[in-house]
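Report on the structure given below.
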Amino acid sequence: MNILVINGPNLNMLGIREPDLYGKADYAALVQLVEETCAREGIGVEIFQSNHEGAIVDKIQEAYGRKDGIVINPAAYTHTSVAILDALKAVSIPAVEIHISDVSQREDFRQISYAGKACIKTFMGLGLEGYRQAILYLKDYLKQQ
(Lines give C-alpha, C1' and ligand atoms only; values in the text may rest on other atoms or scores of the structure.)
Protein backbone atom coordinates (compact mmCIF):
# COMPACT_ATOMS: atom_id res chain seq x y z
CA MET A 1 0.00 0.00 0.00
CA ASN A 2 1.37 3.35 -1.03
CA ILE A 3 -0.23 6.71 -0.25
CA LEU A 4 0.34 10.37 -1.01
CA VAL A 5 -0.09 13.00 1.71
CA ILE A 6 -0.66 16.49 0.28
CA ASN A 7 -0.46 19.68 2.32
CA GLY A 8 -1.59 22.97 0.87
CA PRO A 9 -0.65 26.60 1.35
CA ASN A 10 0.81 27.91 4.59
CA LEU A 11 1.07 24.51 6.24
CA ASN A 12 4.83 24.93 5.97
CA MET A 13 4.31 27.73 8.52
CA LEU A 14 2.90 25.47 11.24
CA GLY A 15 4.09 26.50 14.69
CA ILE A 16 4.39 30.11 13.54
CA ARG A 17 1.01 30.78 11.95
CA GLU A 18 -1.86 31.27 14.42
CA PRO A 19 -0.71 28.71 17.01
CA ASP A 20 -4.00 29.18 18.89
CA LEU A 21 -5.76 27.60 15.88
CA TYR A 22 -3.13 25.24 14.50
CA GLY A 23 -1.02 24.39 17.54
CA LYS A 24 2.64 24.94 18.32
CA ALA A 25 4.03 21.90 16.51
CA ASP A 26 5.93 22.79 13.35
CA TYR A 27 5.79 21.25 9.88
CA ALA A 28 8.71 18.93 10.67
CA ALA A 29 6.65 17.46 13.53
CA LEU A 30 3.77 16.86 11.13
CA VAL A 31 6.06 15.11 8.65
CA GLN A 32 7.52 12.99 11.46
CA LEU A 33 4.05 11.98 12.68
CA VAL A 34 3.00 10.94 9.16
CA GLU A 35 6.22 9.03 8.47
CA GLU A 36 6.11 7.21 11.84
CA THR A 37 2.44 6.32 11.44
CA CYS A 38 2.98 4.95 7.95
CA ALA A 39 6.12 3.02 8.95
CA ARG A 40 4.29 1.43 11.88
CA GLU A 41 1.38 0.46 9.62
CA GLY A 42 3.54 -0.83 6.74
CA ILE A 43 2.40 1.90 4.37
CA GLY A 44 4.66 3.55 1.81
CA VAL A 45 4.21 7.32 1.88
CA GLU A 46 5.17 10.36 -0.13
CA ILE A 47 4.61 13.73 1.56
CA PHE A 48 4.17 16.85 -0.51
CA GLN A 49 3.55 20.48 0.45
CA SER A 50 3.00 23.41 -1.86
CA ASN A 51 1.68 26.93 -1.68
CA HIS A 52 0.74 26.72 -5.38
CA GLU A 53 -2.57 25.35 -6.61
CA GLY A 54 -1.20 24.09 -9.94
CA ALA A 55 1.59 22.16 -8.21
CA ILE A 56 -1.02 20.40 -6.07
CA VAL A 57 -3.08 19.56 -9.16
CA ASP A 58 0.06 18.23 -10.87
CA LYS A 59 0.92 16.05 -7.84
CA ILE A 60 -2.60 14.59 -7.75
CA GLN A 61 -2.40 13.78 -11.46
CA GLU A 62 1.05 12.19 -11.01
CA ALA A 63 -0.47 9.86 -8.40
CA TYR A 64 -2.68 8.21 -11.02
CA GLY A 65 -1.67 4.57 -11.35
CA ARG A 66 1.08 5.00 -8.74
CA LYS A 67 -0.68 5.61 -5.40
CA ASP A 68 -3.41 3.64 -3.69
CA GLY A 69 -4.79 6.54 -1.69
CA ILE A 70 -4.44 10.22 -0.90
CA VAL A 71 -4.65 12.15 2.36
CA ILE A 72 -5.11 15.82 1.53
CA ASN A 73 -5.19 19.01 3.54
CA PRO A 74 -5.93 21.56 0.81
CA ALA A 75 -5.77 24.36 3.42
CA ALA A 76 -7.16 27.61 1.96
CA TYR A 77 -7.70 25.91 -1.41
CA THR A 78 -10.39 23.83 0.31
CA HIS A 79 -12.79 26.71 -0.10
CA THR A 80 -11.76 27.96 -3.54
CA SER A 81 -10.29 25.28 -5.77
CA VAL A 82 -12.50 23.56 -8.27
CA ALA A 83 -9.24 22.59 -10.00
CA ILE A 84 -8.18 20.42 -7.03
CA LEU A 85 -11.68 18.92 -6.87
CA ASP A 86 -11.54 18.10 -10.58
CA ALA A 87 -8.07 16.54 -10.25
CA LEU A 88 -9.23 14.32 -7.37
CA LYS A 89 -12.27 13.26 -9.38
CA ALA A 90 -10.18 12.64 -12.52
CA VAL A 91 -7.74 10.23 -10.88
CA SER A 92 -10.45 8.41 -8.87
CA ILE A 93 -8.00 7.52 -6.11
CA PRO A 94 -9.67 7.18 -2.70
CA ALA A 95 -8.92 10.38 -0.79
CA VAL A 96 -9.42 11.50 2.79
CA GLU A 97 -9.60 15.20 3.63
CA ILE A 98 -7.91 16.53 6.77
CA HIS A 99 -8.05 19.89 8.53
CA ILE A 100 -6.07 20.70 11.67
CA SER A 101 -8.66 23.20 12.90
CA ASP A 102 -12.41 22.69 12.99
CA VAL A 103 -13.33 24.68 9.90
CA SER A 104 -17.03 24.05 10.56
CA GLN A 105 -16.74 26.44 13.53
CA ARG A 106 -14.86 29.15 11.65
CA GLU A 107 -15.73 31.93 9.20
CA ASP A 108 -18.69 31.60 6.84
CA PHE A 109 -16.46 31.44 3.77
CA ARG A 110 -14.81 28.29 5.19
CA GLN A 111 -18.07 26.34 5.25
CA ILE A 112 -17.70 24.89 1.76
CA SER A 113 -15.13 22.28 0.85
CA TYR A 114 -14.69 21.70 -2.85
CA ALA A 115 -12.02 19.02 -2.36
CA GLY A 116 -14.20 17.31 0.22
CA LYS A 117 -16.78 16.60 -2.45
CA ALA A 118 -14.33 14.08 -3.94
CA CYS A 119 -13.22 12.57 -0.61
CA ILE A 120 -14.53 9.49 1.17
CA LYS A 121 -14.19 11.06 4.62
CA THR A 122 -13.11 14.27 6.36
CA PHE A 123 -11.29 14.65 9.67
CA MET A 124 -11.21 18.12 11.22
CA GLY A 125 -10.45 19.83 14.48
CA LEU A 126 -8.20 17.09 15.82
CA GLY A 127 -4.90 18.89 15.37
CA LEU A 128 -2.07 16.83 13.92
CA GLU A 129 -3.74 13.70 15.34
CA GLY A 130 -6.22 14.01 12.49
CA TYR A 131 -3.49 12.96 10.07
CA ARG A 132 -2.92 9.72 11.96
CA GLN A 133 -6.63 9.02 12.01
CA ALA A 134 -6.97 9.81 8.30
CA ILE A 135 -4.12 7.43 7.44
CA LEU A 136 -5.59 4.62 9.55
CA TYR A 137 -9.05 5.17 8.06
CA LEU A 138 -7.64 5.13 4.53
CA LYS A 139 -5.67 1.94 5.25
CA ASP A 140 -8.82 0.17 6.49
CA TYR A 141 -10.83 1.47 3.55
CA LEU A 142 -8.27 0.26 1.02
CA LYS A 143 -8.06 -3.18 2.63
CA GLN A 144 -11.82 -3.58 2.12
CA GLN A 145 -11.66 -2.75 -1.57
[atom2] on [Y] to [atom1] on [X], rounded to 0.5 Å:
X: I16; Y: D26; atom1: CD1; atom2: CG; value: 8.0 Å
X: L138; Y: E41; atom1: CG; atom2: CD; value: 11.5 Å
X: I56; Y: L88; atom1: CD1; atom2: CG; value: 10.0 Å
X: I3; Y: L142; atom1: CD1; atom2: CG; value: 8.5 Å
X: N73; Y: H99; atom1: CG; atom2: NE2; value: 6.0 Å
X: K89; Y: K117; atom1: NZ; atom2: NZ; value: 9.5 Å

Over all heavy atoms of both residues, which pair between [X] and [Y] is shortest? Give the atoms and the distance, please.
X: L126; Y: Q133; result: CD1-OE1, 3.6 Å
X: V91; Y: Y64; result: O-CD1, 3.6 Å
X: V45; Y: C38; result: CB-SG, 3.6 Å
X: A115; Y: I84; result: CB-CG2, 4.3 Å
X: A63; Y: L4; result: CB-CD2, 4.0 Å
X: L11; Y: A75; result: CD1-CB, 4.2 Å

CA sep, side-chain torsions, deciding dist, call: I120, V96, side-chain contact (heavy atoms from CB on, under 4.5 Å): CA-CA 6 Å; I120 57 174; V96 175; 3.9 Å; yes
Hey, any chance [X] and [Y] share a hydrophobic cluster, counting ILVMFWY side chains that come within less than 4.5 Å of each other, even indirectly?
X: V5; Y: I43; value: yes
X: V71; Y: L136; value: no
X: I135; Y: Y141; value: yes
X: I98; Y: L14; value: yes

side-chain hydrogen bond (donor to acceptor under 3.5 Å, both in side chains) assessment of Y27 paired with N10: CA-CA 10 Å; Y27 188 72; N10 298 309; over 6 Å; no
NZ/NE/NH1/NH2 to OD/OE distance under 4.0 Å, K121 and E97: no
salt_bridge(E62, K67) N-O dist < 4.0 Å: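 Salt bridge flag = no for K67 with E62.
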Side-chain heavy atoms of I60 within contact of I72, under 4.5 Å: yes
Flag for D86-Y114: side-chain donor and acceptor within less than 3.5 Å: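 On atom types as modelled, these side chains do not qualify, holding no pair under 3.5 Å.
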Check against side-chain contact (heavy atoms from CB on, under 4.5 Å), V34 and L128: CA-CA 9 Å; V34 168; L128 299 188; over 6 Å; no
Audit row: I47, I6, side-chain contact (heavy atoms from CB on, under 4.5 Å) steps and yes/no: CA-CA 6 Å; I47 303 168; I6 298 174; over 6 Å; no
Mutual orientation of the aromatic rings belonging to F123 and Y137 [parallel < 30°, tilted 30-60°, perpendicular > 60°]: perpendicular
Evaluation steps, side-chain contact (heavy atoms from CB on, under 4.5 Å), between Y131 and T37: CA-CA 9 Å; Y131 281 85; T37 300; over 6 Å; no
Derivation of the salt bridge (charged side-chain N to carboxylate O under 4.0 Å, His left out) call for R132 and E36: CA-CA 9 Å; R132 189 182 70 77; E36 288 175 356; over 6 Å; no
N51/Q49 under side-chain hydrogen bond (donor to acceptor under 3.5 Å, both in side chains): CA gap, chis, key distance, verdict: CA-CA 7 Å; N51 296 318; Q49 189 277 326; 3.1 Å; yes
